[in-house]
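One structure below.
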Protein chains: 2
Amino acid sequence: MRERKKRATREALQSAALRLALERGPDNVRVEEIAQAAGVSPRTYNNYFASREQAIVAGVAADRAVTVTAAVLARPTGVSLGDTVVDAVVGLYTDPGDHPPAALLMIAASPALRACYVDAVTTIEEPLAEALTARCPGLDRLTAQVLAAAVGAAVRVALRQWLHGTNEVPAMAGFVVPSRPLPDLVRAALAPLTPALDAATPRPAATP
Amino acid sequence: MRERKKRATREALQSAALRLALERGPDNVRVEEIAQAAGVSPRTYNNYFASREQAIVAGVAADRAVTVTAAVLARPTGVSLGDTVVDAVVGLYTDPGDHPPAALLMIAASPALRACYVDAVTTIEEPLAEALTARCPGLDRLTAQVLAAAVGAAVRVALRQWLHGTNEVPAMAGFVVPSRPLPDLVRAALAPLTPALDAATPRPAATP
DNA sequence: ACGCAAAATTGCGCGCACGCAAAATTATGC
DNA sequence: GCATAATTTTGCGTGCGCGCAATTTTGCGT
(Lines give C-alpha, C1' and ligand atoms only; values in the text may rest on other atoms or scores of the structure.)
Protein backbone atom coordinates (compact mmCIF):
# COMPACT_ATOMS: atom_id res chain seq x y z
CA MET A 1 0.00 0.00 0.00
CA ARG A 2 2.80 2.35 0.96
CA GLU A 3 5.10 0.62 -1.47
CA ARG A 4 2.89 1.78 -4.30
CA LYS A 5 3.40 5.46 -3.59
CA LYS A 6 7.14 5.03 -3.31
CA ARG A 7 7.29 3.41 -6.72
CA ALA A 8 4.92 6.04 -8.05
CA THR A 9 7.09 8.95 -6.98
CA ARG A 10 10.12 7.02 -8.16
CA GLU A 11 8.76 6.64 -11.66
CA ALA A 12 7.43 10.18 -11.57
CA LEU A 13 10.93 11.46 -10.85
CA GLN A 14 12.44 9.25 -13.54
CA SER A 15 10.02 10.29 -16.25
CA ALA A 16 10.16 13.95 -15.26
CA ALA A 17 13.94 13.92 -15.29
CA LEU A 18 14.09 12.20 -18.66
CA ARG A 19 11.51 14.52 -20.20
CA LEU A 20 13.12 17.70 -18.94
CA ALA A 21 16.55 16.53 -20.00
CA LEU A 22 15.29 15.79 -23.50
CA GLU A 23 13.56 19.15 -23.75
CA ARG A 24 16.26 21.52 -22.50
CA GLY A 25 19.40 19.43 -22.68
CA PRO A 26 20.97 17.59 -19.73
CA ASP A 27 23.00 20.53 -18.43
CA ASN A 28 20.13 22.99 -18.38
CA VAL A 29 17.98 21.19 -15.85
CA ARG A 30 18.36 21.68 -12.12
CA VAL A 31 17.45 19.17 -9.47
CA GLU A 32 14.95 21.58 -7.97
CA GLU A 33 13.04 21.58 -11.24
CA ILE A 34 12.86 17.81 -11.44
CA ALA A 35 11.64 17.62 -7.87
CA GLN A 36 9.07 20.32 -8.48
CA ALA A 37 7.85 18.51 -11.60
CA ALA A 38 7.36 15.38 -9.50
CA GLY A 39 5.71 17.30 -6.67
CA VAL A 40 8.30 16.60 -3.99
CA SER A 41 11.02 18.46 -2.15
CA PRO A 42 14.52 18.68 -3.59
CA ARG A 43 15.75 16.85 -0.50
CA THR A 44 13.37 13.98 -1.19
CA TYR A 45 14.83 13.62 -4.64
CA ASN A 46 18.17 12.71 -3.10
CA ASN A 47 16.42 10.11 -0.97
CA TYR A 48 15.60 8.26 -4.18
CA PHE A 49 18.58 9.01 -6.40
CA ALA A 50 22.13 9.66 -5.35
CA SER A 51 22.93 11.93 -8.28
CA ARG A 52 21.20 14.17 -10.76
CA GLU A 53 21.99 11.94 -13.73
CA GLN A 54 20.89 8.75 -12.03
CA ALA A 55 17.22 9.58 -12.33
CA ILE A 56 17.56 10.06 -16.06
CA VAL A 57 19.40 6.81 -16.62
CA ALA A 58 17.71 4.56 -14.06
CA GLY A 59 14.59 4.08 -16.10
CA VAL A 60 16.22 2.86 -19.28
CA ALA A 61 18.71 0.76 -17.30
CA ALA A 62 16.04 -1.10 -15.37
CA ASP A 63 14.13 -1.61 -18.59
CA ARG A 64 17.17 -3.12 -20.23
CA ALA A 65 17.84 -5.40 -17.28
CA VAL A 66 14.50 -7.17 -17.61
CA THR A 67 14.93 -7.32 -21.38
CA VAL A 68 18.27 -9.15 -21.20
CA THR A 69 17.19 -11.60 -18.56
CA ALA A 70 14.04 -12.37 -20.51
CA ALA A 71 16.05 -12.82 -23.70
CA VAL A 72 18.48 -15.17 -21.98
CA LEU A 73 15.73 -17.28 -20.48
CA ALA A 74 13.78 -17.35 -23.74
CA ARG A 75 16.50 -19.10 -25.77
CA PRO A 76 16.03 -22.84 -26.16
CA THR A 77 18.30 -24.93 -23.98
CA GLY A 78 19.89 -26.52 -27.01
CA VAL A 79 21.91 -23.43 -27.94
CA SER A 80 25.29 -22.92 -26.33
CA LEU A 81 25.59 -20.45 -23.49
CA GLY A 82 27.92 -18.25 -25.47
CA ASP A 83 25.57 -17.77 -28.39
CA THR A 84 22.67 -17.31 -26.02
CA VAL A 85 24.25 -14.49 -24.08
CA VAL A 86 25.80 -12.82 -27.10
CA ASP A 87 22.53 -12.77 -28.98
CA ALA A 88 20.63 -11.56 -25.96
CA VAL A 89 22.99 -8.66 -25.33
CA VAL A 90 23.36 -7.72 -28.96
CA GLY A 91 19.58 -7.72 -29.20
CA LEU A 92 19.61 -4.89 -26.66
CA TYR A 93 21.34 -2.64 -29.16
CA THR A 94 19.60 -3.70 -32.37
CA ASP A 95 16.07 -3.44 -31.07
CA PRO A 96 15.66 -0.21 -29.13
CA GLY A 97 13.33 -0.80 -26.19
CA ASP A 98 10.23 1.22 -25.55
CA HIS A 99 12.29 4.35 -24.98
CA PRO A 100 12.81 7.06 -27.57
CA PRO A 101 16.12 6.64 -29.40
CA ALA A 102 16.81 10.29 -28.70
CA ALA A 103 17.39 9.31 -25.08
CA LEU A 104 20.32 7.09 -25.96
CA LEU A 105 21.69 9.80 -28.23
CA MET A 106 21.56 12.31 -25.43
CA ILE A 107 23.19 9.90 -22.99
CA ALA A 108 25.94 9.29 -25.51
CA ALA A 109 26.49 13.02 -26.00
CA SER A 110 26.85 14.05 -22.36
CA PRO A 111 29.97 12.82 -20.57
CA ALA A 112 28.28 12.84 -17.18
CA LEU A 113 25.36 10.80 -18.46
CA ARG A 114 27.70 8.38 -20.19
CA ALA A 115 29.55 7.75 -16.94
CA CYS A 116 26.30 7.25 -15.09
CA TYR A 117 25.03 4.87 -17.75
CA VAL A 118 28.22 2.84 -17.53
CA ASP A 119 27.67 2.60 -13.80
CA ALA A 120 24.11 1.52 -14.48
CA VAL A 121 25.37 -1.36 -16.60
CA THR A 122 26.77 -2.73 -13.36
CA THR A 123 23.21 -2.86 -12.06
CA ILE A 124 22.27 -5.27 -14.82
CA GLU A 125 24.98 -7.71 -13.84
CA GLU A 126 23.13 -9.09 -10.83
CA PRO A 127 19.90 -10.04 -12.66
CA LEU A 128 22.03 -11.42 -15.47
CA ALA A 129 23.86 -13.65 -13.03
CA GLU A 130 20.55 -14.93 -11.69
CA ALA A 131 19.38 -15.63 -15.22
CA LEU A 132 22.56 -17.58 -15.88
CA THR A 133 22.11 -19.75 -12.81
CA ALA A 134 18.48 -20.27 -13.73
CA ARG A 135 19.45 -21.51 -17.16
CA CYS A 136 22.38 -23.67 -16.05
CA PRO A 137 21.34 -25.28 -12.75
CA GLY A 138 24.78 -26.65 -11.93
CA LEU A 139 26.52 -23.30 -12.27
CA ASP A 140 28.45 -21.91 -9.33
CA ARG A 141 27.14 -18.67 -7.91
CA LEU A 142 30.57 -17.09 -8.06
CA THR A 143 31.12 -18.24 -11.63
CA ALA A 144 27.81 -16.78 -12.71
CA GLN A 145 28.63 -13.45 -11.11
CA VAL A 146 32.04 -13.37 -12.73
CA LEU A 147 30.65 -14.17 -16.17
CA ALA A 148 27.92 -11.56 -15.81
CA ALA A 149 30.48 -8.98 -14.72
CA ALA A 150 32.71 -9.92 -17.64
CA VAL A 151 29.83 -9.42 -20.05
CA GLY A 152 29.14 -6.03 -18.51
CA ALA A 153 32.81 -5.13 -18.84
CA ALA A 154 32.80 -6.11 -22.51
CA VAL A 155 29.76 -3.93 -23.12
CA ARG A 156 31.55 -1.05 -21.44
CA VAL A 157 34.54 -1.50 -23.70
CA ALA A 158 32.30 -1.60 -26.76
CA LEU A 159 30.52 1.58 -25.72
CA ARG A 160 33.79 3.36 -25.09
CA GLN A 161 35.13 2.31 -28.46
CA TRP A 162 31.93 3.38 -30.17
CA LEU A 163 31.96 6.82 -28.57
CA HIS A 164 35.61 7.27 -29.43
CA GLY A 165 34.70 7.14 -33.09
CA THR A 166 31.52 9.16 -33.13
CA ASN A 167 32.64 12.23 -31.23
CA GLU A 168 35.75 13.13 -33.23
CA VAL A 169 33.84 14.97 -35.91
CA PRO A 170 34.49 18.73 -35.67
CA ALA A 171 38.12 18.93 -36.80
CA MET A 172 39.57 17.28 -39.87
CA ALA A 173 36.26 16.71 -41.60
CA GLY A 174 36.25 13.63 -43.76
CA PHE A 175 38.99 11.96 -41.77
CA VAL A 176 36.78 10.47 -39.07
CA VAL A 177 36.39 6.75 -38.68
CA PRO A 178 32.62 6.53 -38.45
CA SER A 179 33.10 3.50 -36.16
CA ARG A 180 31.33 0.28 -36.89
CA PRO A 181 27.67 0.22 -35.89
CA LEU A 182 27.15 -0.44 -32.20
CA PRO A 183 25.63 -3.94 -32.50
CA ASP A 184 28.64 -5.16 -34.47
CA LEU A 185 30.99 -3.65 -31.92
CA VAL A 186 29.14 -5.29 -29.06
CA ARG A 187 29.24 -8.64 -30.82
CA ALA A 188 32.96 -8.26 -31.51
CA ALA A 189 33.63 -7.30 -27.89
CA LEU A 190 31.61 -10.26 -26.61
CA ALA A 191 33.32 -12.73 -28.94
CA PRO A 192 36.47 -13.24 -26.84
CA LEU A 193 34.30 -14.26 -23.89
CA THR A 194 32.42 -17.09 -25.62
CA PRO A 195 35.06 -19.71 -24.70
CA ALA A 196 34.60 -18.87 -21.04
CA LEU A 197 30.82 -18.92 -21.33
CA ASP A 198 30.77 -22.26 -23.15
CA ALA A 199 33.28 -23.79 -20.78
CA ALA A 200 31.15 -22.84 -17.79
CA THR A 201 28.25 -25.05 -18.79
CA PRO A 202 28.71 -28.20 -16.70
CA ARG A 203 28.88 -30.78 -19.47
CA PRO A 204 32.45 -32.11 -19.38
CA ALA A 205 31.48 -35.70 -20.30
CA ALA A 206 29.55 -34.95 -23.48
CA THR A 207 32.41 -33.90 -25.76
CA PRO A 208 34.31 -37.23 -26.05
CA MET B 1 61.40 20.42 -15.75
CA ARG B 2 57.87 21.58 -15.15
CA GLU B 3 56.69 18.00 -15.25
CA ARG B 4 58.79 17.27 -12.21
CA LYS B 5 57.02 19.74 -9.99
CA LYS B 6 53.65 18.49 -11.10
CA ARG B 7 54.56 14.95 -10.17
CA ALA B 8 56.07 16.22 -6.95
CA THR B 9 52.92 17.99 -5.80
CA ARG B 10 50.92 15.01 -7.00
CA GLU B 11 52.82 12.58 -4.84
CA ALA B 12 52.87 15.07 -2.00
CA LEU B 13 49.09 15.21 -2.10
CA GLN B 14 48.82 11.44 -2.31
CA SER B 15 51.12 10.73 0.60
CA ALA B 16 49.64 13.52 2.70
CA ALA B 17 46.12 12.25 2.07
CA LEU B 18 47.07 8.67 2.88
CA ARG B 19 48.93 9.64 6.02
CA LEU B 20 46.18 11.85 7.37
CA ALA B 21 43.53 9.27 6.58
CA LEU B 22 45.48 6.60 8.42
CA GLU B 23 46.00 8.86 11.42
CA ARG B 24 42.51 10.24 11.96
CA GLY B 25 40.32 7.91 9.97
CA PRO B 26 39.03 8.62 6.47
CA ASP B 27 35.96 10.61 7.53
CA ASN B 28 37.80 12.96 9.85
CA VAL B 29 40.03 14.57 7.27
CA ARG B 30 38.96 17.59 5.23
CA VAL B 31 40.22 18.48 1.81
CA GLU B 32 41.55 21.77 3.08
CA GLU B 33 43.83 19.92 5.47
CA ILE B 34 45.25 17.71 2.76
CA ALA B 35 45.91 20.71 0.57
CA GLN B 36 47.50 22.58 3.42
CA ALA B 37 49.71 19.60 4.23
CA ALA B 38 50.90 19.60 0.62
CA GLY B 39 51.36 23.38 0.55
CA VAL B 40 48.77 24.16 -2.11
CA SER B 41 45.36 25.72 -2.31
CA PRO B 42 42.23 23.62 -1.81
CA ARG B 43 41.24 24.52 -5.34
CA THR B 44 44.51 23.16 -6.70
CA TYR B 45 43.80 19.88 -5.01
CA ASN B 46 40.77 19.44 -7.24
CA ASN B 47 42.93 20.14 -10.26
CA TYR B 48 44.79 16.93 -9.49
CA PHE B 49 42.11 14.71 -8.01
CA ALA B 50 38.41 14.75 -8.77
CA SER B 51 37.37 13.53 -5.35
CA ARG B 52 38.63 13.46 -1.81
CA GLU B 53 39.05 9.69 -1.76
CA GLN B 54 40.88 9.56 -5.06
CA ALA B 55 44.06 11.00 -3.62
CA ILE B 56 44.15 8.32 -0.97
CA VAL B 57 43.61 5.47 -3.40
CA ALA B 58 45.53 6.74 -6.43
CA GLY B 59 48.92 5.94 -4.99
CA VAL B 60 48.30 2.29 -4.23
CA ALA B 61 46.38 1.84 -7.49
CA ALA B 62 49.17 3.17 -9.66
CA ASP B 63 51.63 1.06 -7.73
CA ARG B 64 49.56 -2.03 -8.39
CA ALA B 65 49.24 -1.24 -12.07
CA VAL B 66 52.98 -1.36 -12.66
CA THR B 67 53.25 -4.47 -10.50
CA VAL B 68 50.72 -6.45 -12.56
CA THR B 69 52.11 -5.42 -15.91
CA ALA B 70 55.60 -6.29 -14.76
CA ALA B 71 54.43 -9.65 -13.44
CA VAL B 72 52.65 -10.43 -16.71
CA LEU B 73 55.66 -9.53 -18.81
CA ALA B 74 58.03 -11.42 -16.51
CA ARG B 75 56.42 -14.85 -17.01
CA PRO B 76 58.17 -17.04 -19.55
CA THR B 77 56.39 -17.28 -22.87
CA GLY B 78 55.94 -20.99 -22.45
CA VAL B 79 53.19 -20.69 -19.85
CA SER B 80 49.61 -20.28 -21.02
CA LEU B 81 48.05 -16.85 -20.95
CA GLY B 82 45.46 -17.93 -18.42
CA ASP B 83 47.98 -19.10 -15.85
CA THR B 84 50.13 -16.08 -16.50
CA VAL B 85 47.40 -13.56 -15.82
CA VAL B 86 45.91 -15.47 -12.91
CA ASP B 87 49.24 -15.80 -11.17
CA ALA B 88 50.10 -12.17 -11.80
CA VAL B 89 46.83 -10.87 -10.38
CA VAL B 90 46.78 -13.26 -7.45
CA GLY B 91 50.30 -12.18 -6.68
CA LEU B 92 48.93 -8.70 -6.11
CA TYR B 93 46.98 -9.92 -3.12
CA THR B 94 49.46 -12.37 -1.64
CA ASP B 95 52.46 -10.08 -1.65
CA PRO B 96 51.44 -6.69 -0.32
CA GLY B 97 53.29 -3.99 -2.21
CA ASP B 98 55.41 -1.37 -0.55
CA HIS B 99 52.36 0.12 1.14
CA PRO B 100 51.37 -0.56 4.74
CA PRO B 101 48.71 -3.27 5.02
CA ALA B 102 46.74 -0.93 7.26
CA ALA B 103 45.96 1.11 4.14
CA LEU B 104 44.13 -1.77 2.49
CA LEU B 105 42.30 -2.47 5.73
CA MET B 106 41.14 1.12 5.92
CA ILE B 107 40.05 1.10 2.29
CA ALA B 108 38.09 -2.06 2.93
CA ALA B 109 36.40 -0.54 5.97
CA SER B 110 35.17 2.70 4.43
CA PRO B 111 32.41 2.34 1.84
CA ALA B 112 33.43 5.50 0.02
CA LEU B 113 37.03 4.36 -0.23
CA ARG B 114 35.94 0.92 -1.39
CA ALA B 115 33.92 2.43 -4.22
CA CYS B 116 36.83 4.64 -5.21
CA TYR B 117 39.20 1.71 -5.14
CA VAL B 118 36.88 -0.30 -7.36
CA ASP B 119 36.90 2.59 -9.79
CA ALA B 120 40.66 2.63 -9.59
CA VAL B 121 40.77 -0.99 -10.67
CA THR B 122 39.41 0.26 -13.98
CA THR B 123 42.54 2.37 -14.30
CA ILE B 124 44.66 -0.77 -14.24
CA GLU B 125 42.80 -2.25 -17.19
CA GLU B 126 44.49 -0.10 -19.80
CA PRO B 127 48.10 -0.94 -18.85
CA LEU B 128 47.04 -4.55 -18.50
CA ALA B 129 45.69 -4.53 -22.04
CA GLU B 130 48.97 -3.11 -23.31
CA ALA B 131 50.87 -5.82 -21.45
CA LEU B 132 48.68 -8.45 -23.04
CA THR B 133 49.31 -7.16 -26.55
CA ALA B 134 53.01 -6.94 -25.77
CA ARG B 135 53.08 -10.57 -24.72
CA CYS B 136 50.89 -11.89 -27.54
CA PRO B 137 51.86 -9.92 -30.68
CA GLY B 138 48.99 -11.22 -32.78
CA LEU B 139 46.32 -10.19 -30.31
CA ASP B 140 43.58 -7.82 -31.40
CA ARG B 141 43.48 -4.50 -29.62
CA LEU B 142 39.79 -4.89 -28.86
CA THR B 143 40.25 -8.43 -27.59
CA ALA B 144 43.01 -7.34 -25.25
CA GLN B 145 40.87 -4.55 -23.85
CA VAL B 146 37.95 -6.90 -23.34
CA LEU B 147 40.07 -9.48 -21.57
CA ALA B 148 41.66 -6.86 -19.35
CA ALA B 149 38.26 -5.45 -18.49
CA ALA B 150 36.98 -8.94 -17.76
CA VAL B 151 39.88 -9.54 -15.39
CA GLY B 152 39.13 -6.27 -13.65
CA ALA B 153 35.48 -7.25 -13.36
CA ALA B 154 36.42 -10.59 -11.82
CA VAL B 155 38.60 -8.84 -9.27
CA ARG B 156 35.72 -6.54 -8.42
CA VAL B 157 33.46 -9.54 -7.84
CA ALA B 158 36.06 -11.18 -5.64
CA LEU B 159 36.48 -8.02 -3.57
CA ARG B 160 32.74 -7.65 -3.14
CA GLN B 161 32.39 -11.26 -2.07
CA TRP B 162 35.27 -10.90 0.35
CA LEU B 163 33.79 -7.80 1.97
CA HIS B 164 30.38 -9.43 2.20
CA GLY B 165 31.84 -12.08 4.46
CA THR B 166 33.99 -9.91 6.67
CA ASN B 167 31.46 -7.26 7.57
CA GLU B 168 28.60 -9.49 8.77
CA VAL B 169 30.04 -10.05 12.21
CA PRO B 170 27.93 -8.19 14.82
CA ALA B 171 24.75 -10.29 14.89
CA MET B 172 24.58 -14.06 15.21
CA ALA B 173 28.09 -14.51 16.50
CA GLY B 174 29.59 -17.81 15.47
CA PHE B 175 27.40 -18.08 12.41
CA VAL B 176 29.49 -15.91 10.14
CA VAL B 177 31.27 -17.30 7.15
CA PRO B 178 34.74 -15.86 7.70
CA SER B 179 35.10 -15.79 3.91
CA ARG B 180 37.97 -17.55 2.26
CA PRO B 181 41.23 -15.60 2.23
CA LEU B 182 41.34 -12.97 -0.48
CA PRO B 183 43.97 -14.61 -2.73
CA ASP B 184 41.93 -17.81 -2.92
CA LEU B 185 38.82 -15.82 -3.74
CA VAL B 186 40.61 -13.92 -6.49
CA ARG B 187 41.93 -17.14 -7.96
CA ALA B 188 38.46 -18.71 -7.86
CA ALA B 189 36.94 -15.62 -9.50
CA LEU B 190 39.57 -15.61 -12.21
CA ALA B 191 39.22 -19.33 -12.94
CA PRO B 192 36.11 -19.06 -15.16
CA LEU B 193 37.98 -16.65 -17.42
CA THR B 194 40.95 -18.90 -18.19
CA PRO B 195 39.24 -20.54 -21.20
CA ALA B 196 38.78 -17.13 -22.76
CA LEU B 197 42.36 -16.11 -22.01
CA ASP B 198 43.81 -19.33 -23.39
CA ALA B 199 41.59 -19.20 -26.46
CA ALA B 200 42.78 -15.69 -27.25
CA THR B 201 46.37 -16.73 -27.78
CA PRO B 202 46.68 -17.10 -31.57
CA ARG B 203 47.84 -20.72 -31.73
CA PRO B 204 44.93 -22.57 -33.35
CA ALA B 205 47.12 -25.06 -35.26
CA ALA B 206 49.17 -26.36 -32.33
CA THR B 207 46.52 -28.40 -30.52
CA PRO B 208 45.99 -31.21 -33.07
C1' DA C 1 68.83 40.29 -18.63
C1' DC C 2 64.37 41.41 -20.26
C1' DG C 3 59.88 40.74 -22.04
C1' DC C 4 56.38 37.69 -23.71
C1' DA C 5 53.51 33.76 -24.35
C1' DA C 6 52.01 29.52 -22.24
C1' DA C 7 50.74 27.05 -18.30
C1' DA C 8 49.70 26.49 -13.55
C1' DT C 9 47.65 28.24 -9.25
C1' DT C 10 44.19 30.67 -6.81
C1' DG C 11 39.74 33.01 -5.40
C1' DC C 12 34.94 33.07 -6.14
C1' DG C 13 30.44 31.41 -6.86
C1' DC C 14 27.05 27.90 -7.90
C1' DG C 15 24.84 23.58 -7.56
C1' DC C 16 24.79 19.26 -5.52
C1' DA C 17 25.02 15.15 -2.18
C1' DC C 18 24.10 13.93 2.37
C1' DG C 19 23.83 13.67 7.67
C1' DC C 20 20.73 15.19 11.20
C1' DA C 21 16.70 16.31 13.60
C1' DA C 22 11.95 18.21 13.37
C1' DA C 23 7.43 17.89 11.12
C1' DA C 24 4.05 15.42 8.53
C1' DT C 25 2.00 11.21 6.89
C1' DT C 26 0.59 6.48 7.32
C1' DA C 27 -0.45 2.07 9.52
C1' DT C 28 -1.81 -0.33 13.85
C1' DG C 29 -3.66 -1.05 18.74
C1' DC C 30 -7.73 -0.56 21.62
C1' DG D 1 -12.99 7.18 16.70
C1' DC D 2 -8.61 8.18 18.72
C1' DA D 3 -4.04 7.69 20.54
C1' DT D 4 0.34 5.78 19.38
C1' DA D 5 4.20 3.90 16.96
C1' DA D 6 6.60 3.60 12.65
C1' DT D 7 7.89 5.75 8.06
C1' DT D 8 8.41 9.22 5.08
C1' DT D 9 9.15 13.83 3.88
C1' DT D 10 11.28 18.21 4.65
C1' DG D 11 14.45 22.17 6.14
C1' DC D 12 18.93 23.26 7.33
C1' DG D 13 23.84 23.23 7.59
C1' DT D 14 28.21 21.51 5.84
C1' DG D 15 31.62 19.97 2.74
C1' DC D 16 32.70 19.14 -1.86
C1' DG D 17 33.41 19.27 -7.18
C1' DC D 18 34.05 22.26 -10.72
C1' DG D 19 33.52 26.17 -14.29
C1' DC D 20 35.29 30.75 -14.87
C1' DA D 21 38.28 34.52 -14.81
C1' DA D 22 42.16 36.95 -12.59
C1' DT D 23 46.82 36.27 -10.93
C1' DT D 24 51.12 34.26 -10.49
C1' DT D 25 54.70 31.25 -12.14
C1' DT D 26 57.53 29.03 -15.76
C1' DG D 27 60.03 28.50 -20.06
C1' DC D 28 61.78 30.43 -24.21
C1' DG D 29 63.50 33.64 -27.71
C1' DT D 30 66.29 37.54 -28.63
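Because the structure is a prediction, the values reported are computed rather than measured. Here is how names work: the chains are called A, B, and so on, in the same order as the sequence lines, proteins then strands, and each is numbered from 1.
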Inset, instruction - Could you grab the distance from atom CG of B/L113 to atom CG of B/L105, nearest 0.5 Å is fine? - result: 12.0 Å
Nucleotide N/O of nucleotides 26-28 of chain D paired with protein N/O under 3.5 Å:
from	atom 1	to	atom 2	distance (Å)
D/dT26	OP1	B/K5	NZ	3.3
D/dG27	OP1	B/R2	N	3.1

Inset, instruction - Count the heavy atoms of every other residue, nucleotide or ligand shown that sit under 6.0 Å from CD of A/E3, and state whether that count exceeds 12. - result: no
Inset, instruction - Using heavy atoms and a sub-4.0 Å distance, could you list which residues of residues 34-51 of chain B are near DNA chain D? By number, please. - result: B/R43, B/N46, B/A50, B/S51
Legend entry - Any residue meeting side-chain contact (heavy atoms from CB on, under 4.5 Å) with B/A58, in chain and number order, not counting sequence neighbours: B/Q14, B/F49
Legend entry - Interface residues of residues 21-30 of chain A with DNA chain D (non-hydrogen, below 4.0 angstrom): none
Legend entry - Rounded distance (Å) that lies between atom C1' of D/dG15 and atom CD of B/E33: 12 Å
Inset, instruction - Can you measure from CD (A/Q161) to CG (A/L163) and round to the nearest 0.5 angstrom? - result: 10.0 Å
Legend entry - Point-to-point distance, once rounded to the nearest 0.5 Å, from CG of A/L13 to OH of A/Y45: 7.0 Å
Inset, instruction - For B/P127 and B/A65, work out which heavy atoms get closest and say how close. - result: CG-CB, 4.4 Å
Legend entry - Side-chain touch A/E125/B/R156, heavy atoms, less than 4.5 angstrom: yes
Inset, instruction - Taking all non-hydrogen atoms of both residues into account, name the closest pair between A/R52 and A/V29 and its distance. - result: NH1-O, 3.5 Å
Legend entry - Nucleotide interval of DNA chain C bounded by contacts with chain A (heavy-atom cut-off, under 4.0 Å): C/dG15 to C/dA27
Legend entry - Straight-line distance of B/L147 CG to B/L142 CG, nearest 0.5 Å: 9.5 Å
Inset, instruction - Mark yes or no for whether A/S15, through its side chain, and A/E11, through its backbone, hold a donor-acceptor pair below 3.5 Å. - result: yes
Inset, instruction - State, with a plain yes or no, whether a side-chain heavy atom of B/L132 is found less than 4.5 Å away from one of B/L81. - result: yes
Legend entry - A/E53 vs A/P26 side-chain heavy atoms within contact, under 4.5 Å: no
Legend entry - A/S110 side chain to A/I107 backbone, donor-acceptor under 3.5 Å: no
Legend entry - Atom pair CG/CD of B/D140 and B/Q145 - distance to nearest 0.5 Å: 10.5 Å
Legend entry - Watson-Crick or G-U pairs under 3.5 Å in DNA chain D, rendered as dot-bracket with [ ] for crossing pairs and | for another strand: ||||||||||||||||||||||||||||||
Legend entry - Interatomic distance, B/N46 atom CG to B/Q54 atom CD [nearest 0.5 angstrom]: 9.5 Å
